[in-house]
Amino acid sequence: MATPLSDISLSPLRTIAVVGLGTMGTGIAEVLARAGREVIGIDVSEERTARSLSVLESSTARAVGRGRLTGQERDDALARIRTATDLRAAADADLVIEVAPESYEIKQQIFRELDGIVRPETILATGTNALSVTRLAAESARPERVLGLHFFNPAPAMKLVEVVSSVLTAPAAVSAVTNLALDLGKEPVAVGDRPGFVADGLLFGYLNQAAAMYEARYASREDIDAAMRLGCGLPMGPLALLDLIGVDTARTVLEAMYAESRDRLHAPAPILKQLSEAGLTGRKAGRGFYTYAAPGAATVVPDALTPAADGSGVPGREVRSVGVAGSGTMASGIAEVFAKAGYDVVLAARSEEKAQTAKARIGKNLARSVDKGRMTAEAAAQTLERITPAGSYDAFADVDLAVEAVAEDLEVKRQLFAAFDKVCKPGAVLATTTSSLPVVACARATSRPQDVIGMHFFNPAPAMKLVEVVRTVLTAEDVHATVHEVCARIRKHAVDCADRAGFIVNALLFPYLNNAIKMVQEHYASLDDIDAAMKLGGGYPMGPFELLDVVGLDVSLAIERVLHREFRDPGLAPAPLLEHLVAAGCLGRKTGRGFREHARR
């Protein structure tokens, strides 16, 4: 007698068929077999099934070599896997996971055939990350047993599994596969049916914007990728990740997202189509945004777009002393960075007292470094001695480089640059650390706009390796060369970009954060599930809502408004939920409440 669907969650899913034995299907089969499930791997040809078994033998052998499996456990896991080339082999399965190519026609054909093969209570899961689960379910004979089960690549290593329900899915089916995911050692996240779900829905919009940024020649591929790795702590830059995923796959996912949302941020960047149609689909083809040693290889090799190692060849100006304007955390952090690198630093604020307080903050930070064994007491003392506090910007008369790190207010910065213009000697480089305001507006406040450039440090400056070097149309070549030389001496990685809102990091990061807020606002997923999805599925060091509360919701809103004003894209309009929280004074950790409650410091 068949088990009613409502009772499925009470019955463990012991025998599982995996249809499609590509990289993802083979990885899922390995996860299931290692967790004690009987696995039936099905693909269209014996050649494909044999290749899958060979991959499984190799991957489990590596697991034994690394101490993650015993030899007996490996033998037992491999014995639990059998393969077939006919869907009828799935007749006795409790669950079928389809991981076929991203095509409605292919997936619908598989589901139609399975309807006539499997038992009535068998759950049918699609591994799609781009197509509508509801549409696939609607054409099934029993739509209540159809859902999405989206693993991430590589399946044995990645913890996230998105469990996707349509409006037709029975709760018992969701419960059954959720319990399975937990038993596999995965972290299941429950989401509704929309293209990209949570992780890919947020990730692919970001990747698309990065591709468009590169296509516009705003920054080089190397600088875009380095900026997001070093500025956001991501394991890979967006263009390298597109090559890994497959440019053609990314285009397919974005097309599905755009068809649903009509959001211009999801409209695939034209370069994705151009690369796809040229066969330059990424690592698997040996060439995509980058060129690789061979198809399928991970090693990037130089090509015609690889930057020259010697840079522009223009000599920079000599910099021996640096002035840092400001008394906050960023200013003191930048002063510490320059002093550690051997520069004499003048730390100037609006009063002598504020400057002394900022120097004292640096002293405490250096003492912590000594306590942690990161520097000697003698080196810390010498660093602090190089910093001279001042209560007036007149102290910048002899500096070779003046860096402002004051409030993110254009009028305040313009007044400060006018003061620099009067005080600083001819030939001094004048730099702003703005993260969102036009550098050229600061330059135009002086009589020497050719000497003005952006040096966007990231907080905390002593720890973060990235500096965005922002040239205006007026910046002199030797000023740009000077800043690159200085960045090398202070051991920061400089990336070049032009003078437009958000530069690289914020222009890519904040639309992603804004889209996460919209997901919560639309009740699509919870804060916790979205944060978990991006940490586990996207490799982000923090989930979007953790990061928003750390950055500050007011700061985030200000940056979102600047981006929206600059690019005029409706998709960049700040989410109303963010505006409401800021209006209510819920600004994140600093106020004790943002998207979450926090202990007041």
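Heads up: numbering here begins at 1 and tracks the sequence.
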Handout entry: Pair R471 + D496, salt bridge at N-O below 4.0 Å
Key = no

Handout entry: Plane angle bin for H456 and F458 - parallel if under 30°, tilted between 30 and 60°, otherwise perpendicular
Key = tilted

Exercise for the section: Examine Y540 together with Y512 and report whether their ring centres are nearer than 6.0 Å. Expected result: yes

Exercise for the section: Decide if atom CD of E353 counts as having more than 12 heavy atoms of other residues, nucleotides or ligands within a radius under 6.0 Å. Expected result: no

Practice task
Would you indicate whether the side-chain heavy atoms of P307 and E222 approach each other to under 4.5 Å?
Solution key: yes

Exercise for the section: Measure the acute angle between the ring planes of F289 and Y214, then classify it against the limits of 30° and 60° as parallel, tilted or perpendicular. Expected result: perpendicular

Handout entry: Salt-bridge criterion met for E336 and K340 (N-O under 4.0 Å)
Key = yes

Exercise for the section: Report, as yes or no, whether the 6.0 Å neighbourhood of atom CD on E378 holds more than 12 heavy atoms from other residues, nucleotides or ligands. Expected result: no

Exercise for the section: Indicate yes or no: at least one non-hydrogen side-chain atom of D225 is less than 4.5 angstrom from one of M236. Expected result: no

Problem - Basic-acidic side-chain contact under 4.0 Å: D531, R596 - result: yes

Problem - Side-chain touch V161/V189, heavy atoms, less than 4.5 angstrom - result: no

Practice task
Look at D478 together with R317 and state whether they make a salt bridge at an N to O cut-off of under 4.0 Å.
Solution key: yes

Exercise for the section: Please lay out, stage by stage, how D529 and L527 fare under the test side chain to side chain contact (heavy atoms under 4.5 Å, CB included). Expected result: CA-CA 6 Å; D529 280 351; L527 300 176; over 6 Å; no

Exercise for the section: On the 0 to 90° scale, with breaks at 30° and 60°, tag the H480-H484 ring pair as parallel, tilted or perpendicular. Expected result: perpendicular

Problem - Within 6.0 angstrom of K159 NZ, more than 12 heavy atoms from elsewhere - result: no

Exercise for the section: Could you check if a side-chain atom of D344 sits within less than 4.5 angstrom of a side-chain atom of V322, using non-hydrogen atoms only? Expected result: no

Handout entry: Evaluation steps, side chain to side chain donor-acceptor pair (under 3.5 Å), between D303 and T291
Key = CA-CA 7 Å; D303 59 21; T291 300; 2.8 Å; yes

Problem - Row check, Y343 ring normal vs R386 NZ/CZ: under 6.0 Å, within 45° - result: no

Handout entry: Carboxylate-amine/guanidinium contact R414 D409, below 4.0 Å
Key = no

Practice task
May I ask you to decide whether K535 forms a salt bridge with E546, counting only side-chain N to carboxylate O separations under 4.0 Å?
Solution key: yes

Exercise for the section: Test I530 against every option in I517, N515, V198 by the side-chain contact (heavy atoms from CB on, under 4.5 Å) rule and name the one that passes. Expected result: V198

Exercise for the section: Would you mind checking if R287 and D243 are paired as a salt bridge, meaning a charged N to carboxylate O distance below 4.0 Å? Expected result: no

Practice task
Kindly determine whether T432 and M455 satisfy side chain to side chain contact (heavy atoms under 4.5 Å, CB included), including the steps that lead there.
Solution key: CA-CA 6 Å; T432 171; M455 286 185 75; over 6 Å; no

Exercise for the section: Flag the pair E566 and R500 as a salt bridge only when some basic side-chain nitrogen lies within less than 4.0 angstrom of an acidic carboxylate oxygen. Expected result: no

